[in-house]
Amino acid sequence: MRALLLKLFKGRIVSPWWIFMIDMGIVANVFIVIYLLRINVYLPDYSLSSISFSGFVVLACYGFVFLATGSYRGVVRHSNYQDFKMMLRVSFLAFTFLFIGNELLIYFNVEWLQISRFLLIFHFLLTALLTITFRMFVKEVYVFLTPKKTTTDVLIFGAGEMGQITYEAICNDKDNRYNVIGFVDDAVRKQSILLHGRPVMSWSRAMDLCERKNVQEMILAVNHISVQRKHQITMACLDKGCKLKVMPSVRNWVNGVSNQQQIRDIRIEDILGREEITLNQRRITDGLSGKTIMVTGAAGSIGSEIVRQLLRFPVRKVVMVDMAESALYDLQQELLLGHEDHPFEAVLADVTNHRRMEELFIQYAPQIIFNAAAYKHVPLMEAYPYEAVRVNIGGLKNLADLALKYQVDKFVMVSTDKAVNPTNVMGASKRACEIYVQALAQRNDIKTAFITTRFGNVLGSNGSVVPLFKKQIQNGGPVTVTHKDIVRYFMTIPEACQLVLEAGFMGAGGEIFVFDMGDPVKIVDLAKEMIRLSGLKVDEDINIAYTGLRPGEKLYEELLASKENTLPSHHDKIMIGKTLLFDYDEVNGQVEELLLALQSETDVDLVLRLKKLVPEYLSQNSKYTEVEVQGRIVPVPIEMISFR
């Protein structure tokens with residue numbers, strides 16, 4: 001019998017019209033019961049015709065509202081809190097129509113059509129109660145008949161709105177594998193109360209349960225929590241052998257819906273990020289409203305996030321430019337799912353192709369440009385300086401010159417902390433871009449505001465240590481770190497891109513905006529925490545191997561050179577770097593000579609020219625360390641020299 005009932009429940013063989021008929025049966029029977037009670041109490045003379053007509057009116061009104069709202073179309077065995085609220089609202093709506101109609105009849109003194117207010121009120125209350133009870137009964141029977149799956153005892157950290165949403169998402173999931181045994185909250189006033197029949201406990205009690213292995217997992221479900229507290233919770237759970245998961249905040253839900261599938265493992269980005277950044281939404285909205293914006297390098301980690309951020313504002317169009325076909329296609333398909341109006345266009349193009357880029361400027365007439373197109377991998381650029389100069393400097397010059405020619409309003413260049421006192425070709429190429437953009441901004445005959453934004457490493461970006469470490473951990477190790485003392489500044493991708501947008505509408509032009517990167521992080525500590533977050537032990541399950549500094553790599557990155565100072569801006573996380581100014585004609589001449597030299601000179605010659613353009617560039621741990629700028633080149637082994 002149990003198996004037969006379960007089979008009946010699992011397949012949706014009950015038509016929605018049967019649910020409609022059951023609801024209407026409840027309405028009719030409640031009307032009859034209420035009328036019988038009233039007659040029994042007051043014993044007045046009632047005509048059968050008036051009772052029948054009143055019943056017909058009540059049934060018609062409720063039936064119309066049920067049909068109009070579609071309240072009968074839900075799968076009853078999966079009813080939830082929202083379905084129950086809907087039945088209450090639907091019943092109240094029908095009651096409201098009847099009550100207003102009845103008051104009009106009383107006003108016009110049409111006695112034989114009137115229905116008692118007492119009857120209408122109690123009919124509404126009983127109808128709402130019984131339709132909800134019917135759904136709850138079916139749901140509970142289904143739960144009782146469903147075979148019990150192996151569940152994991154779990155605590156939800158957060159007894160607020162987010163915690164309750166998480167609880168409901170778990171309970172409403174037909175494939176639920178969690179058994180929520182309680183909530184945890186730091187607020188003393190919430191502790192020792194019951195929430196959904198589960199106790200709200202203190203952190204110390206929760207840790208005691210984890211230590212006694214009564215709890216295998218904890219779900220972090222809070223909208224606002226400091227990164228320091230999040231880090232403490234993470235480390236404490238790891239120490240107790242309790243796995244920590246996260247319910248994303250509302251704005252990060254997939255398709256705007258909460259469900260158990262959204263609960264994910266905690267990531268290194270969650271505990272290394274900083275406090276939530278507050279943007280000047282009005283300034284950014286005013287700056288972007290109705291504008292056509294071009295984003296170069298749009299398929300990369302930074303470029304794609306800038307595009308996502310831009311599409312949250314009332315832009316006219318976002319032109320996404322990249323030469324990486326597959327990555328650009330993937331971004332296009334992702335955005336098509338979330339933006340029905342499609343205010344964007346994917347363009348396959350190379351920023352180093354001047355003619356092609358000019359065609360795009362003529363076709364789209366962009367008013368704002370975010371340039372995130374660049375080669376960024378230090379070892380590769382150290383091996384191939386030709387590409388660093390061609391793409392990073394050549395592409396930037398193309399875009400900046402075209403922005404000037406076609407009178408673009410804003411040109412925002414994304415730079416890096418490796419441009420400060422550069423020790424490698426990549427950093428030097430980005431510093432050369434900064435110099436060119438700043439020199440261009442000094443001209444008096446320009447309309448375009450040229451702005452540079454500079455920040456450190458971005459967590460989770462393509463080629464960063466985080467994806468590399470993840471892959472190495474998945475493969476069983478070892479996790480490779482270049483040096484035990486190497487440190488880097490880190491920022492999450494959304495943080496970096498939000499600050500790029502903010503900085504883009506702060507300056508008048510010519511500024512280098514430097515982002516507050518927080519405290520530097522030792523890479524070896526990052527590796528250890530990622531190993532622990534994977535549920536493994538350092539030097540037992542996964543080893544850490546030191547491979548030595550790579551060519552051009554330095555132990556410590558800087559955000560400001562020694563000759564620079566900073567001024568505060570309107571945003572507490574953005575500073576204005578005061579840098580040495582350069583003459584445009586001189587800089588432009590050097591850049592043009594450098595780009596012309598691509599056709600004939602060796603890598604060493606190109607690096608020498610780069611050192612002349614960027615005086616603070618001193619190669620470190622590199623084959624170009626011997627290259628000096630005193631008008632000559634110290635001999636370099638012939639095997640290190642390449643020709644094109």
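Looking at residues two or more places apart in sequence or on another chain, you find a ring-ring contact (aromatic ring centres under 6.0 Å, His included) between Phe122 and Phe118. Every side chain to side chain donor-acceptor pair (under 3.5 Å) that Lys245 has, sequence neighbours left out, goes to Asp265. Every residue two or more places apart in sequence or in another chain that forms a ring-ring contact (aromatic ring centres under 6.0 Å, His included) with Phe99 is listed here: Phe95. Asp208 meets the side chain to side chain donor-acceptor pair (under 3.5 Å) test with Arg212; sequence neighbours excluded. Scored by the side chain to side chain donor-acceptor pair (under 3.5 Å) test, Thr131 finds no partners at all (sequence neighbours excluded). With sequence neighbours excluded, the residues forming a side chain to side chain donor-acceptor pair (under 3.5 Å) with Asp23 are Arg135, listed by chain and number.
Side-chain contact between Phe183 and Met201: absent, with no pair of heavy atoms (C-beta onward) separated by less than 4.5 Å.
Using bins of under 30°, 30° to 60° and over 60° for the plane-to-plane angle, the ring pair Phe66/Phe20 lands in the perpendicular bin.
Remark: Glu529 does not engage Arg532 in a salt bridge, criterion side-chain N to carboxylate O under 4.0 Å.
Between Gly158 and Val222, the shortest heavy-atom contact is CA-CG1, 3.7 Å. Considering all non-hydrogen atoms of both residues, Ala299 and Asp322 come closest at N-OD2, 3.0 Å. Contact detail for Met218 and Cys210: the closest heavy-atom pair is CE-SG, 4.3 Å.
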